[in-house]
A.B. asks: 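I am attaching a structure below and will ask some questions about it afterwards.
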Amino acid sequence: MGKAFGVVLIIITLVSTAVFIFHDFHGISLWLPVDASAHGHRVDHQLMETMYGSGLLFVLSQIMLGLFVWQASDRPEGWKYKIFPGGAKPMVISAILLVGIEILTLSFVGSKVWADIYLTPAAPEALPIDVQAGQFAFYFRYAGADGKFGALHAEKIDEGSGNFFGLDPRNDVAARDDVVVASLVIPVNRPILLTLHSKDVIHSFYVRELRIHQDIVPGLMIPLHFTATQTGRFEIVCTQLCGLGHYQMKAYLEVKTQEEFDKWLKDQEAAQ
Amino acid sequence: MSEAAHQHAEPTGFIRKYIFSVDHKVIGLQYIGLGIVAVVLGMILSWLMRLHLGWSTLAIPGLEKLSPAGAPGNVMTPEYYLSLMTMHGTLMVFFVLTNVPFAGFGNYFLPIQVGAPDMAFPRMNMMSFWVTFTAFLVLIAAFFVPGGPPLSGWTAYAPLSAVGQDAGPGEGWGQTLWALSIAIFCVAQLLGALNFIATTLDLRTKGMSLARMPFSTWAWFITSVIGLLAFAVLLPACVLLILDRTAGTSFFIPGGLVISDRLQAHTGGSPLLWQHLFWFFGHPEVYIAILPAIGIVSHILPAFLRRPLLGPRVLISCLAAIGFLSYMVWGHHMFVSGMNPFSAILFSVPTLVITIPATIATLLWIGSVYGARIRFTCASLFCLGFISVFISGGISGFFLAQPSIDTYLHATYFVVAHFHFVMGVAAIFGMFAGIYFWLPKMVGRMMNETLGKIHFWFTFVGVYCIFMPMHYLGLAGNVRRYAAFTDDYLAPLIPVHQFITIAALITGAAQFIFLFNLVWSRFRGPKATENPWQATSLEWSTTSPPPFDNFGGRQLVVHQEPYLYGVEGSAGDYVMQTSPETVEAR
Amino acid sequence: MKIKYFYPLFLVLLVSTALASLPVPPPAGGTVTGKVTYTGTPPKMKPIDMAKEPNCAKEHAASPVFTENVVTGPGNTLEWAVVYVSAGDQGSTPGTQTLRFDQKGCQYMPHVLAMQVDQPFEIVNSDPHLHNIHPLPKINPEWNKSQPPGTPPLMAKYDKPEFIPVKCNVHPWMHGWFIVLNTSHYAISGSDGSFSIKGLPPGKYTLTAWQEQFGTQAQDVTIAGGETKNITFTFKALPY
């Protein structure tokens, strides 16, 4: 029984690890997608460091357990147990030292990565875009030709007539040229400053390729800034349970070149 | 304290003996029985969920009869999926993971292990079970109310859970009953925790110093302290949620919300307040689920390794450290919640620090396995399995503890894998070990070892097939709590979900082997002796099952450390805690 | 009763029964026809951006669809206005025919579904993805159900007259109306703004026209016999 346990455990460990290492199976990619943001490589780097460290711990501890159980299986009746060399002390010391060092490193380096993304102000030239989440869609708003966002009035929200944000064009001139669209279109290599807010419950803004994830909390205006480094079309999905349509709540992120973006924005302004 | 004050006459009527019993052993079995009902229900819900995740247009015969609105044409609607998910989580976390290893085994064995005739407050103990049972009935009632069962998840994030039915199906009566059920549950747990603490501190028998208490007793004691503080926060939080839902208050609802085109009348509340209150309970709750399992496994292992564990004092310190740190880390559930990003760093550090006592405990177990001659029984196999899944679940904590990585993995299947391994499966393995180990004591009959081993192998391999692939899905960004995977990048991952579903169906089916074994052994199993495992702690110094006052009027005197195995004792290679013989230190 | 009276009486009874069981001829009442129009500048309808639902975005890629709050036709006419008898109603027959409300290409077909109280209607999902149907009544009981693709139609009816907006939360642009009326004398203006209410018995009626953006307008009409009256409703439109 002990041998079987050891073998099964070691097979489980090796297979589990192998899938992490090979992670591409007939078009099913079980790994992070391409990184399309300026800060993403630092997140990926931090993730890989953690992956190596904890992967090593995982494999070593499971194999150790498997081996010890294997060894324990054919010992004779009346066996006198052996104490692990040094007893509990090496366990405690190695746990404190090895794990301690690992977590110190991870917290110092990781905190810096975190701080550089979420604790820094956006660049002054960043393109401001207003993002509103609601059951169960995202809408995006650009300031339009006047460079000013119209004020939001919750009582004016009327989704059936396309007033998703609650603008008041009758009285508010700044609101008249606001561009409201259902996809987030941004220029590549330019800092973007999103202002996230929700009109009903908590939603979340998650773009895998940007390594960006932020809850959108009603009552709060949450700034989020990033720079996309690759053109392409990516999915923005909601990750915070928001009701029955949660799984269908998404939008597309289109990263265009600056020229394409300018043209797109001009077309949109004309269409509003 | 005088023992006589606690002696009740043994009741004779059926109702006083088995239903409204003050006997901690009966109450413990009641908790375990309720837990088994809840776990079977929770598992069937997970089957339905897994079927829907693998094949989202699949018609499940009979489902429409069960819920006409939830499954028109037998095809599950997303709101019904989310309701199943919410009920699965709530049943499992509260009524299984809290009820069985802590309230169930704790009730049965804590008084016996400290040599007490009963709990400190037997009537309060009875009350805490029946309050728990009421909470269970209220929760189940939520399945059948107009508007449908609740669907906000077991975390019930406001304002979705607070604004009422404008926010969609399941936000009417179902959600109110959910909050009510949890509030009632909190009351029961508070009563139970007080009782455990008082019993441990006041009713220990002669010679049972704190240092001589078994690991399981220590774990239940530490868990009670955690529970007392944690449920005391969740209770008012649930009351506030109920007030928001029914009395028009706005604790968790900000102003200016427009839900389904309706401007809400609420104003001035904070959705993050709910998250802080919930997770201030919720993270310690993880340890309420896992610490008793750690205690049970640490208690059982020595009996089958035939040696004491390495560093017993260190292990207890680790449990205490985990319990203490569990109050400083709730914010790691909220890295992306919109709280001040600076606090993420503050919450990250103690979270990572928790890995140190957890690693020490794990290394002590592995180090204890080294050089031992293991008796391979179902109980010991589940203990070894526990160590393995605890490692697997704990390791992924390194990722989720760091805000920079958690932002990518948050709310993906990586998190699902993490908490199912470390608090779900690990605690369940602890429970299985406990049942295989203690059933002879509880009902006086041995369980069938062959069936038990078949059950073990299916379960051990099965849980890895179910939960390991979820890590890969998480790395690919597969969002959790989705009723179906319609996004462009999620559709290609569906075959992995189908694999998981099949594994879950097989593993789940194997649990019926266990249930059969349990029922069969209860009536047909070979009679158990007083000490079938040659174990040392006090529960093995009395008959199987123990008499009403646990020790038949004797007051035990404790002379020994709890785990004297692998020694030259008068009875064999072990010395009971009650044995007055002198043992040479090894 | 003497026997000689019996046969004529019996004959009268027989004939009247036979007559009653014959199909009722269309009520030979009067008809009101007309148009719903506006003055001023109506708001510009916005193109609907369905990017979040690729199925629908593809379906409408060639000819974008617009919001339907104010649908104008040639000659300043308004589509989707409901004209109905709001006072003095007589001779209404209960609505028994099952109406149909379809969800197709992420739009409601029709945009406005008028019905009578207690008249059954079915809601159909013709799209390959899920919709939820969330009518927002204030008087009638409220429900909110999702309808996965390929599931049977949802059956519903309302027992109190009410104008109920309908929405799909999954596709927030989807917007329609359930108009529940006490009368069978109603019509919805077509793409040229025209409507026609037939079979009005002689009498004095108040006709009301309702348009979702501009509200209601009422006119009194007197029908003397089998005549056809022509009336025009004119709403005042504002650009914002």
Side-chain angles (χ1 to χ4, degrees), chain A residues 1-2 9 12 16 19 28 30-32 43 46-47 50 54 57-58 61-62 64-65 68-69 72 75 79 81-82 84 87-88 91-92 95-96 99 103 106-107 110-111 113-114 118-119 154-155 157 199-202 208 211 213-215 217-220 222 235 237 239 241 243-244 247 250, chain B residues 78-79 153 157 159-160 167-168 254 256-259 263 271 307 310-311 314 336-338 341 345 349 352 355-356 359-360 363-364 366-367 369-374 376 387-388 391 395 398-399 402-405 407-408 410-411 464 468 472 475-477 479 481-484 487 489 492 566:
Chain A
M1 198 56 75
L9 183 54
I12 287 174
S16 303
V19 180
I28 304 177
L30 297 175
W31 197 250
L32 290 80
V43 174
Q46 179 75 5
L47 188 125
T50 313
S54 53
L57 270 178
F58 170 72
S61 49
Q62 298 280 16
M64 228 159 70
L65 177 65
F68 290 170
V69 176
R75 290 187 166 139
W79 168 265
Y81 70 90
K82 288 189 289 183
F84 194 84
M91 310 279 170
V92 177
I96 291 178
V99 179
I103 63 176
L106 291 179
S107 354
S111 299
V113 176
W114 167 260
Y118 288 91
L119 284 174
E155 72 281 2
I157 289 178
K199 76 172 183 61
D200 41 38
V201 299
I202 304 181
R208 300 181 309 151
R211 311 289 191 261
H213 198 162
Q214 176 64 55
D215 274 5
V217 184
L220 296 181
I222 300 176
E235 277 169 301
V237 296
T239 62
L241 179 53
L244 72 94
Y247 78 103
K250 72 162 179 182
Chain B
E79 59 264 34
Y157 271 19
L160 179 64
L257 297 193
V258 180
I259 301 177
L263 187 62
R307 55 163 297 178
L310 285 174
V314 180
V336 306
S337 71
I345 295 171
V349 174
L352 284 164
T355 57
I356 292 181
T359 311
I360 294 175
L363 288 179
L364 291 177
I366 297 179
V369 173
Y370 170 86
R373 177 174 185 273
I374 306 178
F376 289 100
I387 302 174
S388 171
I391 295 170
I395 293 275
F398 278 112
F399 295 82
Q402 302 175 58
S404 55
I405 306 178
T407 43
Y408 180 79
H410 186 85
Y464 271 104
M468 209 50 175
Y472 317 133
L475 283 175
V479 183
R481 290 174 162 177
Y482 270 22
D487 291 332
Y489 79 93

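Chain letters run A, B, ... following the sequence lines, proteins first, then strands; residues in each count from 1. Small disclaimer: the values here were computed from a predicted structure and weren't measured.
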A.B. asks: Between the main-chain N or O of B:Ile374 and the side-chain N or O of A:Trp79, is there a donor-acceptor pair closer than 3.5 Å?
C.D. replies: no
A.B. asks: So what's closer than 4.5 Å to chain A heavy atoms on B:Tyr464: side chain, backbone, both or neither?
C.D. replies: side chain
A.B. asks: Report which part of B:Pro341 has an atom under 4.5 Å of a heavy atom belonging to chain A: side chain, backbone, both, or neither.
C.D. replies: both
A.B. asks: Could you give the distance from OH (B:Tyr408) to CZ (A:Arg208), rounded to the nearest 0.5 Å?
C.D. replies: 5.5 Å
A.B. asks: So how far is it from B:Ile345 CD1 to A:Trp114 CH2, rounded to the nearest 0.5 Å?
C.D. replies: 8.0 Å
A.B. asks: Using 0.5 Å steps for rounding, measure from the OG1 atom of A:Thr50 to the CZ atom of B:Phe399.
C.D. replies: 6.0 Å
A.B. asks: For B:Tyr370, is it the side chain, the backbone, both, or neither that has a heavy atom closer than 4.5 Å to a heavy atom of chain A?
C.D. replies: both
A.B. asks: Quick check: closest heavy atoms across A:Phe84 and B:Gly367, and the distance to 0.1 Å?
C.D. replies: CB-O, 3.9 Å
A.B. asks: Let's go through A:Ile103 and B:Phe398 carefully: what are the C-alpha distance in whole Å and the side-chain angles of both, what is the deciding distance for side chain to side chain contact (heavy atoms under 4.5 Å, CB included) to 0.1 Å, and is it a yes or a no?
C.D. replies: CA-CA 8 Å; A:Ile103 63 176; B:Phe398 278 112; 3.7 Å; yes
A.B. asks: Any side-chain to backbone donor/acceptor pair from A:Gln46 onto B:Ser404? Under 3.5 Å, distance only.
C.D. replies: no
A.B. asks: Tell me, out of B:Thr407, B:Val369, B:Leu263, B:Ile387, who's got the most heavy-atom pairs with chain A below 4.5 Å.
C.D. replies: B:Thr407
A.B. asks: Taking all heavy atoms of B:Ile395 and all of A:Phe58, pick out the closest pair and write down the distance.
C.D. replies: CD1-N, 3.7 Å
A.B. asks: Heavy-atom pairs under 4.5 Å with chain A - which of B:Ser388, B:Pro492, B:Ala411, B:Pro78 has more of them than the others?
C.D. replies: B:Ser388
A.B. asks: Search all heavy atoms of B:Leu363 against all heavy atoms of A:Ala95 and return the closest pair with its distance.
C.D. replies: CD1-CB, 4.0 Å
A.B. asks: Return the minimal non-hydrogen interatomic distance between A:Pro218 and B:Pro254, and the atom names on each side.
C.D. replies: O-CG, 3.4 Å
A.B. asks: With a 4.5 angstrom heavy-atom cut-off, which part of A:Ile222 approaches chain B: side chain, backbone, both or neither?
C.D. replies: side chain
A.B. asks: Count the heavy-atom pairs under 4.5 Å between each of B:Gln402, B:His410, B:Glu79 and chain A, then report the option with the highest count.
C.D. replies: B:Gln402
A.B. asks: Below 4.5 Å from any heavy atom of chain A, which atoms of B:Ile259 appear? Answer side chain, backbone, both or neither.
C.D. replies: both
A.B. asks: Chain B: which of A:Val43, A:Ile28, A:Leu244 shares the most heavy-atom pairs with it under 4.5 Å?
C.D. replies: A:Leu244
A.B. asks: Report which part of A:Lys199 has an atom under 4.5 Å of a heavy atom belonging to chain B: side chain, backbone, both, or neither.
C.D. replies: both
A.B. asks: Between B:Leu352, B:Val314, B:Thr355, B:Val349, which residue shows the highest count of heavy-atom pairs closer than 4.5 Å to chain A?
C.D. replies: B:Leu352
A.B. asks: May I ask you to test the B:Leu160-A:Ile202 pair for a side-chain heavy-atom distance under 4.5 Å?
C.D. replies: no
A.B. asks: Between A:Val217 and chain B, with a heavy-atom cut-off of 4.5 Å, which part of the residue counts as in contact: side chain, backbone, both or neither?
C.D. replies: side chain
A.B. asks: Restricting to non-hydrogen atoms, name the atom on B:Pro159 and the atom on A:Val201 that form the minimum distance, rounded to 0.1 Å.
C.D. replies: CG-CA, 3.9 Å
A.B. asks: So which of B:Ala167, B:Gly168, B:Gly256 has the biggest tally of heavy-atom pairs under 4.5 Å with chain A?
C.D. replies: B:Ala167
A.B. asks: Distance check, rounded to the nearest 0.5 Å: A:Met91 atom CE versus B:Thr359 atom OG1?
C.D. replies: 12.5 Å
A.B. asks: Chain A: which of B:Ser337, B:Ala483, B:Gly338 shares the most heavy-atom pairs with it under 4.5 Å?
C.D. replies: B:Ser337
A.B. asks: Relative to chain B, which segment of A:Glu155 carries a heavy atom at a distance below 4.5 Å: side chain, backbone, both, or neither?
C.D. replies: both
A.B. asks: Give, as side chain, backbone, both or neither, the part of A:Ile12 having an atom under 4.5 angstrom from any heavy atom of chain B.
C.D. replies: side chain
A.B. asks: Please classify the contact of B:Phe376 with chain A as side chain, backbone, both or neither, using a heavy-atom distance under 4.5 Å.
C.D. replies: side chain
A.B. asks: What pair of heavy atoms forms the shortest contact from A:Leu241 to B:Gly153, and how long is it?
C.D. replies: CD2-N, 3.6 Å
A.B. asks: Got a second to check how far A:Leu65's CG is from B:Ile391's CD1, nearest 0.5 Å?
C.D. replies: 5.5 Å
A.B. asks: Drop me the distance from B:Tyr482's OH to A:Thr239's OG1, to the nearest 0.5 angstrom.
C.D. replies: 7.0 Å
A.B. asks: Got a donor-acceptor contact below 3.5 angstrom from the B:Tyr472 side chain to the A:Ser16 backbone?
C.D. replies: yes
A.B. asks: Tell me, side chain or backbone of B:Val258 under 4.5 Å from chain A's heavy atoms, or both, or neither?
C.D. replies: both
A.B. asks: For the candidates A:Val113, A:Leu9, A:Leu47, which exhibits the highest count of non-hydrogen atom pairs separated by less than 4.5 Å from chain B?
C.D. replies: A:Leu47
A.B. asks: Taking B:Arg373's backbone N and O only, do any of them form a donor-acceptor pair with A:Arg75's side chain (distance below 3.5 Å, no angle check)?
C.D. replies: no
